[in-house]
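Scope of the values below: all heavy atoms of this structure, side chains included, with no hydrogens, waters or symmetry mates.
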There are 2 protein chains.
Amino acid sequence: MPRKKHYSSTDLSASIQGLLEKKAVGTQEEIRDALLKKGIPVNQVRVSRILHKLGAIKMNEDGKIVYRLPSDAEKYFVPKEILKKLISRITHNESLVVIQTVSGSGQVVARLLDLTKNLDILGTVAGDDTIFVAPKTTKNIETLFKKIYNLLLN
Amino acid sequence: MPRKKHYSSTDLSASIQGLLEKKAVGTQEEIRDALLKKGIPVNQVRVSRILHKLGAIKMNEDGKIVYRLPSDAEKYFVPKEILKKLISRITHNESLVVIQTVSGSGQVVARLLDLTKNLDILGTVAGDDTIFVAPKTTKNIETLFKKIYNLLLN
DNA sequence: CATTATATTGTATAAATATACAAACCGATT
DNA sequence: AATCGGTTTGTATATTTATACAATATAATG
């Protein structure tokens, strides 16, 4: 009975991580279905095992149970009050939103920002105390600025 | 068929919260057993429903699955680097450990400290930027100081 | 007060997840 | 090449969790 190993553990793990980062999935069958749709043959047991290895968390978001990666979960558990204390100023020009933080907090705040869904950003570059936020489009820089401001300081 | 309601929903919820704060429990049956031991009659369904209402999360601590309250989970997800940035100085006298934080962060840091297990403290009192930590015994104030220092700044 | 609407509870069971076990795979060693 | 030890995988199923449904309790309304 040779076992058909179509997909390596490493690849599968990466696929599941990618999925969890993109979608709010609540069951292992849902994860399985999503992977099957992408042509990745997997069974429930494998999903279960990999989730365990990833240290996946099952949490409640507004009454809905979802799986999250630990790194993703930070976003949900870092108290807002803490974040506020790390940020000095948020400004923008025509093409960037710029966030000033207290010394040494640039990377950490940037990471939390990167994890935030529904924010139209391409990405962030962070130094010691400064974060450059690149918007998806510079056309709505004002909107993005307000969104980030509300997110981080309100 | 009158239903025997021995324990109100509010009381049960409080009991489960207390339990989750004290013990690393991994299954609803475990929660049920612990409550039965305390003379609290409860069934699995009730446990499930209350956990859901509490927004309990299931997380992986060193390979073991445990239920945690959201407020408790903060401790696990607040990045150390963030904490470090909030704390200015940690000192002590013969009877207290005193933590200075950046302005406005006293309460938040105190809360995280209160959530930390295996710390021999009676409690904390926090102001805007200062936290007084009361040890269980003043005999080992130096030890506690070192423990807190390592916890928060190392 | 009576009536209606909503929430809670328990039983039974469906759904979701993890485990046991055997077989296959893999890398290291001889 | 064969052997060994450790890991991974799949099948079957045990365990864990949540839901459906009906009954009861509680809250709201007139």
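- Between the CD1 atom of B:Ile16 and the CD atom of B:Glu21 there is a distance of 12.0 Å, given to the nearest 0.5 Å.
- With hydrogens and angles disregarded, a donor-acceptor distance shorter than 3.5 Å links the side chain of B:Asp128 to the backbone of B:Gly104.
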Listing, residues 31-40 of chain B side-chain donor-acceptor contacts under 3.5 Å, not counting sequence neighbours, or none:
from	atom 1	to	atom 2	distance (Å)
B:Arg32	NE	B:Val42	O	2.7
B:Arg32	NH1	B:Glu29	OE2	3.3

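- Considering only side-chain atoms of B:Arg46, the nucleotide from C:dT9, C:dT17, D:dG10 that sits closest is C:dT9.
- A side chain to side chain contact (heavy atoms under 4.5 Å, CB included) with A:Leu113 is found for one member of A:Leu83, A:Thr124, A:Val108 and no other, namely A:Thr124.
- When all heavy atoms are compared, the tightest approach of B:Glu30 to B:Ala24 is OE2-O, 4.1 Å.
- To the nearest 0.5 angstrom, A:Thr91 atom OG1 is 9.5 Å from A:Leu96 atom CG.
- Considering OG1 of A:Thr27 and CD of A:Gln44, their distance stands at 10.0 Å, rounded to 0.5 Å.
- Proximity of B:Thr27 to the phosphate of D:dT15: no side-chain N or O atom is located under 4.0 Å from OP1 or OP2.
- Of the residues in residues 47-54 of chain B, B:Arg49, B:Lys53 come within less than 4.0 Å of DNA chain C through at least one heavy atom, sorted by number.
- At the phosphate of D:dA18, OP1 or OP2 sits under 4.0 Å from a side-chain N or O atom of B:Gln28.
- For residues 50-64 of chain B, the pairs satisfying salt bridge (Lys or Arg N to Asp or Glu O under 4.0 Å) are B:Glu61-B:Arg68, with sequence neighbours left out.
- For the helix from C:dC1-D:dG30 to C:dT30-D:dA1, the terminal axes (five pairs an end, C1' atoms, rotation from four pairs onto the next four) enclose an angle of 30°, given to 10 degrees.
- Residues from residues 58-67 of chain A lying near DNA chain C, meaning a heavy-atom separation below 4.0 Å, are A:Lys58, A:Tyr67 in numerical order.
- Donor-acceptor pairing under 3.5 Å, judged by distance alone, is absent between the side chain of A:Gln44 and the base of C:dA16.
- Screening residues 85-111 of chain A for ring-ring contact (aromatic ring centres under 6.0 Å, His included), with sequence neighbours left out, gives A:His92-A:Phe145.
- In this structure, CE in A:Met59 is found 9.0 Å from CG in A:Asp72, a value given to the nearest 0.5 Å.
- Not a single donor-acceptor contact under 3.5 angstrom links the side-chain atoms of A:Glu29 to the base of C:dA15.
- For the atom pair CD1 of B:Ile131 and OG of B:Ser105, the computed distance is 8.5 Å after rounding to the nearest 0.5 Å.
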